[in-house]
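Below is one structure; the comments refer to it alone.
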Amino acid sequence: MISVVRNPALEALVARVAPELVFGQVLLQRRAGEFILQHESARGVENLRVVAIHDLRELAQFTERGAFRPLKSAPTLRRGWRCVARDAGELDVALRHLYPGGVADWFAALQPSPPVTHYREYTARQTGMYRITTMLDDAQVAQVARAGCHREFCWKRRLWTVEGLPPEGPAEKSEMACLEPCAVLMEFARAVMRIEQKAGEAVSVSGSAAASDQADGTEVREGDFSSPLNPRFQQWRLEKAKAALAAKEN
């Protein structure tokens, strides 16, 4: 006799599709026992390209311009597609391809005591190249988080915190939850700490220099933190400027 293992997280999500739900950038619609998945921007659009469930993994790997997506929760999911999941099991597989671990983390965040690992607890476990991230003070961590986890780069609502940095709510981003610092954020924090160690060189690229360096049209990879033109660095410089202005006003 085959036993069926319940998936409470999936069951809770399916219950929310009544008759539709936006999860990340994906619009889920329930129709006659099936689930229709498509990019939320394609609501009401006809003649979308039909993709099979097993093709969703490849679809989520790259942006429309062909750049690799190291963070699947980034708001860069390709558009113009439609996928049909015949039942909840296929819906589960589809969402695992698009947002690995997304449903489980979403469900965990709904619990009375979500299993959140905060920045200090997380970095205290790090050894090797990420040990340096423990050296950022609370204000610096807050700047790194506001820049690295900005809605321009990630649609998961950050639940982990550091002193002085509140968690994010669903209205700020999406229902998807971030329970601990991710690998991309840690790499960004490591790069920022190395810049901070070079006293007086934290803001290393002027706007004019950045513009001239980008004249060839080369696109900086999202995970390339060796480039000062990485968009997260640009947001980080903005966060530092805001903090400096606030300090002056106080």
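We're numbering straight along the sequence, starting at 1.
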Within 6.0 angstrom of Arg86 CZ, more than 12 heavy atoms from elsewhere: no
Steps toward side chain to side chain contact (heavy atoms under 4.5 Å, CB included) verdict (Thr123, Met135): CA-CA 10 Å; Thr123 56; Met135 299 171 64; over 6 Å; no
Under 3.5 Å donor-acceptor, Tyr99 side chain and Gln25 backbone: yes
Leu179 vs Thr117, side chain to side chain contact (heavy atoms under 4.5 Å, CB included): CA-CA, chis, key distance, verdict: CA-CA 6 Å; Leu179 303 176; Thr117 304; over 6 Å; no
Val116-Val144 co-clustered via ILVMFWY side chain contacts under 4.5 Å: yes
Qualifying residues under ring pair (Phe, Tyr, Trp, His ring centres under 6.0 Å), relative to Phe188, sequence neighbours excluded: Phe225, Phe233
Flag, side chain of Arg69 to backbone of Lys72, donor-acceptor distance under 3.5 Å: yes
Step-by-step side chain to side chain contact (heavy atoms under 4.5 Å, CB included) determination, Asp105 to Lys156: CA-CA 10 Å; Asp105 288 348; Lys156 283 186 176 181; 4.0 Å; yes
By salt bridge (Lys or Arg N to Asp or Glu O under 4.0 Å) - contacts of Glu46 (at least two apart): none
Step-by-step side chain to side chain contact (heavy atoms under 4.5 Å, CB included) determination, Leu91 to Asp87: CA-CA 6 Å; Leu91 175 63; Asp87 53 33; over 6 Å; no
Over 12 non-hydrogen atoms of neighbours within 6.0 angstrom of CZ in Arg30: yes
Donor-acceptor pair between Tyr130 and Glu187 side chains, under 3.5 angstrom: yes
Non-hydrogen side-chain atoms of Glu20 and Ile36 separated by less than 4.5 Å: no
From CZ (Arg82) to CG (Asn47), nearest 0.5 Å: 10.5 Å
Within-4.5 Å side-chain heavy-atom neighbours: Arg120 and Asp138: yes
Arg146 backbone acceptor or donor facing Gln235 side chain under 3.5 Å: no
hydrophobic_cluster_shared for Phe35 and Val84, side chain cutoff 4.5 Å: no
Salt bridge Arg157-Glu172, side-chain N to carboxylate O under 4.0 Å: no
Distance, nearest 0.5 Å, that separates OG1 of Thr134 from CD of Gln126: 9.5 Å
More than 12 heavy atoms of other groups within 6.0 Å of Glu121 CD: yes
Salt bridge flag under 4.0 Å for residues Glu11 and Arg6: yes
Min side-chain heavy-atom separation Gln38-Leu48 under 4.5 Å: yes
Flag, side chain of Gln140 to backbone of Asp137, donor-acceptor distance under 3.5 Å: yes
Residue pair Glu40 / Gly24: nearest heavy atoms and the distance that separates them: OE2-O, 4.3 Å
Test item: Glu175 side-chain N/O and Trp106 main-chain N/O as donor-acceptor pair under 3.5 Å: no
Pair Arg232 + Glu152: basic N to acidic O under 4.0 Å: no
Validation row: Leu21, Leu13 side chains within 4.5 angstrom (heavy atoms): yes
Rounded distance (nearest 0.5 Å) linking atom OH of Tyr122 with atom CG of Leu185: 9.0 Å
Pairwise side-chain contact, Leu159 with Cys178, heavy-atom cut-off 4.5 Å (strictly under): no
Closest approach of Trp160 to Cys149 (non-hydrogen atoms, all atoms of both residues): CZ2-SG, 3.9 Å
Closest approach of Ala109 to Ala177 (non-hydrogen atoms, all atoms of both residues): CB-CB, 3.6 Å
Residues, nucleotides or ligands: over 12 heavy atoms within 6.0 Å of Arg151 CZ: yes
Which residues share a salt bridge (Lys or Arg N to Asp or Glu O under 4.0 Å) with Arg78, sequence neighbours left out: none
same_hphob_cluster(Phe107, Leu98) at 4.5 Å side-chain heavy-atom cutoff: yes
Shortest non-hydrogen separation from Arg158 to Pro166 and the atoms involved: NH2-O, 3.0 Å
Ion pair check, Glu34 and Arg31, cut-off under 4.0 Å: no
Shortest non-hydrogen contact from Pro75 toward Cys154: CD-N, 3.8 Å
Side-chain (Arg131) to main-chain (Arg125) donor-acceptor, under 3.5 angstrom: no
Polar side-chain atom of His118 near backbone of Val162 as donor-acceptor pair, under 3.5 Å: no
Main-chain N/O of Val220 paired to Asn230 side chain as donor or acceptor, under 3.5 Å: no
Ile53 with Val26, same ILVMFWY side-chain cluster at under 4.5 Å: no
Exercise: identify the closest heavy-atom pair between Leu71 and Phe153: CD2-O, 3.8 Å
Donor + acceptor pair across side chains of Glu239, Gln143 (<3.5 Å): no
OG1 on Thr133 to CE on Met193, rounded to 0.5 Å: 10.0 Å
Spatial distance of atom CG (Leu37) from atom CG (Leu95) [nearest 0.5 Å]: 6.0 Å
Side-chain donor/acceptor of Ser174 to backbone N/O of Trp155, under 3.5 Å: yes
Side-chain touch Phe23/Leu28, heavy atoms, less than 4.5 angstrom: yes
Same apolar cluster (I L V M F W Y, side chains within < 4.5 Å links), Met176/Leu10: yes
4.5 Å side-chain heavy-atom contact, Thr76 and Glu64: no
Straight-line distance of Arg221 CZ to Leu229 CG, nearest 0.5 Å: 13.0 Å
Arg96 CZ: over 12 foreign heavy atoms closer than 6.0 Å: no
Side-chain touch Trp81/Leu56, heavy atoms, less than 4.5 angstrom: yes
